[in-house]
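Please read these numbers as outputs of a predicted model, since none were measured by experiment.
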Amino acid sequence: MSSEGKEQHDLSPRDSAEGNDPSSPSGIHLELQRESSTDMKQFETNDQCRPYPRILIERQEKSNTNFKQFVIKKLQKNCQCSPTKAKNMILGFLPVLQWLPKYDLKKNILGDVMSGLIVGILLVPQSIAYSLLAGQEPVYGLYTSFFASIIYFLLGTSRHISVGIFGVLCLMIGETVDRELQKAGYDNAHSAPSLGMVSNVSTLLNHTSDRICDKSCYAIMVGSTVTFMAGVYQVAMGFFQVGFVSVYLSDALLSGFVTGASFTILTSQAKYLLGLNLPRSNGVGSLITTWIHIFRNIHETNTCDLITSLLCLLVLLPTKELNEHFKSKLKAPIPVELVVVVAATLASHFGKLHENYDSSIAGHIPTGFMPPRVPEWNLIPSVAVDAIAISIIGFAITVSLSEMFAKKHGYTVRANQEMYAIGFCNIIPSFFHCFTTSAALAKTLVKESTGCQTQLSGVVTALVLLLVLLVIAPLFYSLQKCVLGVITIVNLRGALRKFRDLPKMWSISRMDTVIWFVTMLSSALLSTEIGLLVGVCFSMFCVILRTQKPKISLLGLVEGSEVFESLSAYKNLQTKPGIKIFRFVAPLYYINKECFKSALYKQTVNPVLIKAAWKKAAKKKVKEEVVTLGGIQDEVSVQLSHDPLELNTIVIDCSAIQFLDTAGIHTLKEVRRDYEAIGIQVLLAQCNPSVRDSLTKGEYCQKEEENLLFYSVYEAMAFAEASKNQKGISVPNGLSLSSD
């Protein structure tokens with residue numbers, strides 16, 4: 001290094017022609033080492049390691065708080081009531097009271113009205129179509145979307161998400177409804193209930209209720225009970241602040257789950273496109289079973305329904321693509337679904353498709369609202385477990401979408417309040433013949449792109465749905481079910497397009513791609529609930545696997561800096577004679593303790609083998625070998641060396657070790673003891689506070705030895721240099737293993 005000094009230290013990077021930019025923000029030039037067999041040179045500088053003062057930090061004294069006093073203090077703080085605290089609680093629970101008085105009418109009203117109208121128009125056909133997926137009548141889907149929009153307006157903190165019917169949750173509700181219908185003894189030959197409130201299905205006695213209830217009535221009883229339980233779970237999670245459960249649902253897992261469930265949704269709707277009257281398959285392997293039933297009955301295809309389905313697909317798919325392609329130029333997306341529903345209803349009505357071709361239709365949809373009714377308490381033991389998965393998926397998707405759009409538009413949402421909001425969007429509507437809701441990405445994107453500014457757009461959406469419920473609903477009497485099935489399938493495009501993202505995901509993280517595939521396949525081929533469970537378990541297993549086989553490396557010093565990098569990844573790094581710096585990139589705990597020891601011994605020296613060699617030499621009293629003309633006589637594989645071991649200090653870089661357990665502390669003690677037995681000192685550097693506390697509590701070192709824990713790797717290396725120069729570290733007997 002010249003005395004003139006440079007702001008940037010060029011380490012003569014190789015492969016510059018390959019486009020590698022070795023510069024870094026700190027002005028240090030590094031380059032990844034491509035050749036695995038490149039020999040590293042040890043740079044012995046004439047200059048001694050420059051003086052480096054030890055870092056001394058004094059701990060804060062912790063007050064010894066009595067646990068009883070702590071609990072009493074917390075209770076007093078939380079249980080005291082004052083006007084200010086009561087006001088804050090009310091405003092916190094009802095965010096609308098905070099933002100509505102400050103509403104900027106001139107700035108926001110146009111965007112809110114426009115987005116609310118468009119989302120409302122889109123929700124009408126989707127609510128009717130998804131009711132079919134949930135095993136319910138169309139009016140219940142309209143009820144669900146209406147109440148969810150009103151309640152989220154009052155309780156939600158996100159300005160942009162659209163809360164309503166979500167396809168995956170409808171599928172899960174429909175599976176539970178069909179199972180309970182079979183258990184209650186309803187005719188399984190027509191597992192999808194008639195979509196008309198007035199139907200020709202014979203009235204059956206419901207043995208679990210005190211009143212006579214037909215199939216459609218019992219279906220909504222099951223759906224509303226599951227919805228009530230899902231809402232209770234979500235509110236409970238918000239109350240106990242256990243939203244951390246959602247962290248186990250990674251983006252890759254959720255994406256794979258939704259894609260797998262989309263295959264199940266597509267399969268369940270295929271029979272409507274063909275006009276087949278088939279029982280709905282439930283349980284493990286329902287996707288395969290359904291397709292077997294479809295192909296066995298393919299000869300019974302209703303030609304009228306098939307032609308209608310193909311025509312609707314030919315209209316919907318290109319128009320949806322045009323909407324997406326020109327979304328930046330269109331002020332509002334073309335409401336093609338509503339156009340298709342209106343046109344198909346008119347064609348079915350005037351063409352008398354139901355009478356002439358036996359095409360399945362929606363039937364009569366009543367106007368107004370039904371009287372509220374409490375959920376069926378007797379069904380709770382049967383559906384409580386199903387509601388757990390539904391509640392977790394619902395709040396995970398809602399919270400993730402809320403945070404995503406809040407970050408995009410520069411405001412904050414309260415995740416805990418979002419859990420309350422989505423919970424009450426399920427609890428309250430369950431008394432009004434509704435089923436489970438959550439945020440939906442497709443409608444949220446439409447809402448955002450059409451100028452939504454605040455939650456007020458939800459009220460406009462609710463008014464559109466109210467108009468349909470009070471006036472327009474009966475006009476959909478002649479709407480064919482196959483049209484509703486096509487609308488549901490076309491809306492799966494986004495989830496199925498995830499396959500196009502797999503190459504990029506594979507290049508970024510192969511582990512995430514494997515998690516995606518496992519979750520997708522298990523959700524599609526087994527069942528949605530089992531698929532979710534398999535995905536969570538497999539992703540947790542992958543986390544453990546990553547820590548079980550972590551990255552390890554020896555480090556070298558970047559010239560002219562205090563930065564250490566991997567010798568196997570970068571070139572022209574300096575190493576100090578007799579000192580090796582070892583990095584372990586994982587927590588050190590019972591699962592990977594043996595991996596840590598074996599990697600450390602392999603990268604440095606194995607103290608166990610050296611000690612064994614010493615003992616063997618002592619027993620056999622090895623003397624100086626006789627050098628003959630033929631070479632060196634080696635009888636015991638251990639030879640006497642007049643030089644001490646080259647290695648005298650090992651520095652363990654603990655910056656990537658997040659925590660230690662008892663097994664990890666014991667492993668560090670064992671490693672230190674083994675190395676000290678052969679004259680090698682072990683220093684720990686860059687331990688985080690958690691690791692330091694664990695080492696202190698685990699009695700890793702005595703009080704007077706705490707100076708062996710360093711705040712930086714450079715400080716530890718400087719200490720090792722100084723101790724070697726002042727005292728010298730020699731190894732008794734100086735024995736080394738020979739290689740046979």
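Aromatic pair W99/Y411: ring centres not closer than 6.0 Å. Aromatic rings of F435 and Y130 (six-membered ring for Trp) have centroids beyond the 6.0 Å cut-off, not under it. F228 has its ring centre less than 6.0 Å from the ring centre of W377.
Counting only heavy atoms from C-beta outward, the side chains of L401 and I161 approach each other to under 4.5 Å. In this structure, Q234 and F424 have side chains that are not in contact, with every pair of non-hydrogen atoms separated by 4.5 Å or more. Counting heavy atoms from C-beta outward, S523 and T519 have side chains that approach closer than 4.5 Å. L532 is listed as a side-chain neighbour of L253, based on a closest heavy-atom distance under 4.5 Å. T303 is not listed as a side-chain neighbour of Y357, based on a closest heavy-atom distance of 4.5 Å or more. Taking 4.5 Å as the limit, every side-chain heavy atom of L273 sits out of range of all side-chain heavy atoms of L306. Residues E180 and K183 have side chains in contact (heavy-atom distance under 4.5 Å, counting atoms from C-beta outward). Residues M419 and V235 form no side-chain contact, since every pair of their non-hydrogen atoms from C-beta on lies 4.5 Å or further apart.
Counting heavy atoms of neighbouring residues, nucleotides and ligands inside a 6.0 Å radius, atom CZ of F431 exceeds 12 of them. The environment of CG in D251 is sparse: at most 12 heavy-atom neighbours from other residues, nucleotides or ligands sit within 6.0 Å. When the shell of 6.0 Å around CG of L110 is examined, it contains 12 or fewer heavy atoms from other residues, nucleotides or ligands. A 6.0 Å sphere centred on NZ of K498 holds no more than 12 heavy atoms belonging to other residues, nucleotides or ligands.
Distance OG/S309 to CD/Q269: 10.5 Å, rounded to 0.5 Å. The distance from atom CD1 of I489 to atom OG of S262, rounded to the nearest 0.5 Å, is 11.0 Å. With values rounded to the nearest 0.5 angstrom, I109 atom CD1 is found 12.0 Å from M114 atom CE. Put simply, CZ on R373 and CZ on F432 are 12.5 Å apart, with the number rounded to the nearest 0.5 Å. If you take OG1 on T264 and CG on L287, they are separated by 5.0 Å, rounding to the nearest 0.5 Å. Atom SG of residue C170 and atom CD1 of residue I390 lie 10.0 Å apart, to the nearest 0.5 angstrom.
Listed for the T436 side chain is no donor-acceptor partner under 3.5 Å among the backbone atoms of L169. Using modelled atom types, one side-chain atom of Y233 and one backbone atom of A384 make a donor-acceptor pair closer than 3.5 Å. In this structure, the side chain of N426 does not engage the main chain of A230 through any donor-acceptor pair within 3.5 Å. Put simply, the side chain of S255 never gets that close to the backbone of A252: no donor and acceptor are under 3.5 Å apart. A donor-acceptor pair under 3.5 Å links the side-chain atoms of T461 to the main chain of G116, judged by distance alone. Counting only distance, with no hydrogens or angles, the side chain of Q136 and the backbone of G141 share no donor-acceptor pair below 3.5 Å. With hydrogens and angles ignored, the 3.5 Å screen pairs no side-chain donor or acceptor of S457 with any backbone N or O of Q453. Of the possible polar contacts, one joining the S391 side chain to the I388 backbone as a donor-acceptor pair under 3.5 Å is found. Here the side chain of D358 pairs no donor or acceptor atom with the backbone of H354 at under 3.5 angstrom. One N or O on the side chain of Q417 and one on the backbone of L155 form a donor-acceptor pair closer than 3.5 Å.
The closest side-chain donor-acceptor pair between S359 and Q480 falls under 3.5 angstrom. Side chains of D112 and Y103: a donor-acceptor N/O pair is present below 3.5 angstrom, by distance only. The closest side-chain donor-acceptor pair between E418 and S402 falls under 3.5 angstrom. A donor and an acceptor atom, one from each side chain of S438 and T398, are nowhere located under 3.5 Å apart.
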(request) Evaluate the criterion side-chain contact (heavy atoms from CB on, under 4.5 Å) for residue pair L123 and L465; output intermediate values, then yes/no. (result) CA-CA 8 Å; L123 267 177; L465 293 167; 4.2 Å; yes

(request) Go through T225 and E376 one step at a time and tell me if the side-chain hydrogen bond (donor to acceptor under 3.5 Å, both in side chains) criterion holds. (result) CA-CA 6 Å; T225 305; E376 187 64 38; over 6 Å; no

(message) Between S127 and S145, is the side-chain hydrogen bond (donor to acceptor under 3.5 Å, both in side chains) condition met? List the steps.
(response) CA-CA 7 Å; S127 298; S145 297; 2.8 Å; yes

(request) Begin from the C-alpha positions of K481 and D305 and carry the test salt bridge (charged side-chain N to carboxylate O under 4.0 Å, His left out) through to its verdict. (result) CA-CA 8 Å; K481 290 184 186 178; D305 285 343; over 6 Å; no

(message) Run the side-chain contact (heavy atoms from CB on, under 4.5 Å) test on I380 and M229 for me, step by step, so that the C-alpha distance in whole Å, both residues' side-chain angles and the decisive distance to 0.1 Å come before the verdict.
(response) CA-CA 8 Å; I380 288 179; M229 289 305 301; 3.8 Å; yes

(message) Quick one, F369 with F147, criterion side-chain contact (heavy atoms from CB on, under 4.5 Å). Give me CA distance, side-chain angles, the key distance, then yes/no.
(response) CA-CA 11 Å; F369 292 90; F147 283 106; 4.1 Å; yes

(request) Any chance you could lay out the side-chain contact (heavy atoms from CB on, under 4.5 Å) test for L379 and V222, step after step, and finish with the verdict? (result) CA-CA 7 Å; L379 287 171; V222 175; 3.8 Å; yes

(request) Check step by step if ring-ring contact (aromatic ring centres under 6.0 Å, His included) holds for F263 and W291. (result) CA-CA 11 Å; F263 281 109; W291 281 110; over 10 Å; no

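Considering every non-hydrogen atom in both V163 and C425, the closest pair reads CG1-SG, 4.4 Å. Considering all non-hydrogen atoms of both residues, L475 and T345 come closest at O-CG2, 3.3 Å. Nearest approach of A129 to L484, heavy atoms of both residues: CB-O, 3.4 Å. Counting all heavy atoms, side chain and backbone alike, C312 lies closest to V486 at CB-CG1, 3.8 Å. Shortest non-hydrogen contact noted between N416 and G238 is ND2-O, 2.9 Å. In terms of heavy-atom proximity, Q455 sits nearest to G156 at NE2-O, 3.1 Å.
Salt bridge present: R497 and E321 bring a charged side-chain N and a carboxylate O closer than 4.0 Å.
Residues passing the ring pair (Phe, Tyr, Trp, His ring centres under 6.0 Å) test with Y420, sequence neighbours excluded: none.
F405 does not carry R159 over the face of its six-membered ring by the limits of under 6.0 Å from the centre and within 45° of the normal.
The aromatic rings of Y143 and H433 lie tilted to each other, with the angle between the two planes from 30° to 60°. Between H160 and H409, the two ring planes are parallel [angle under 30°; tilted spans 30° to 60°].
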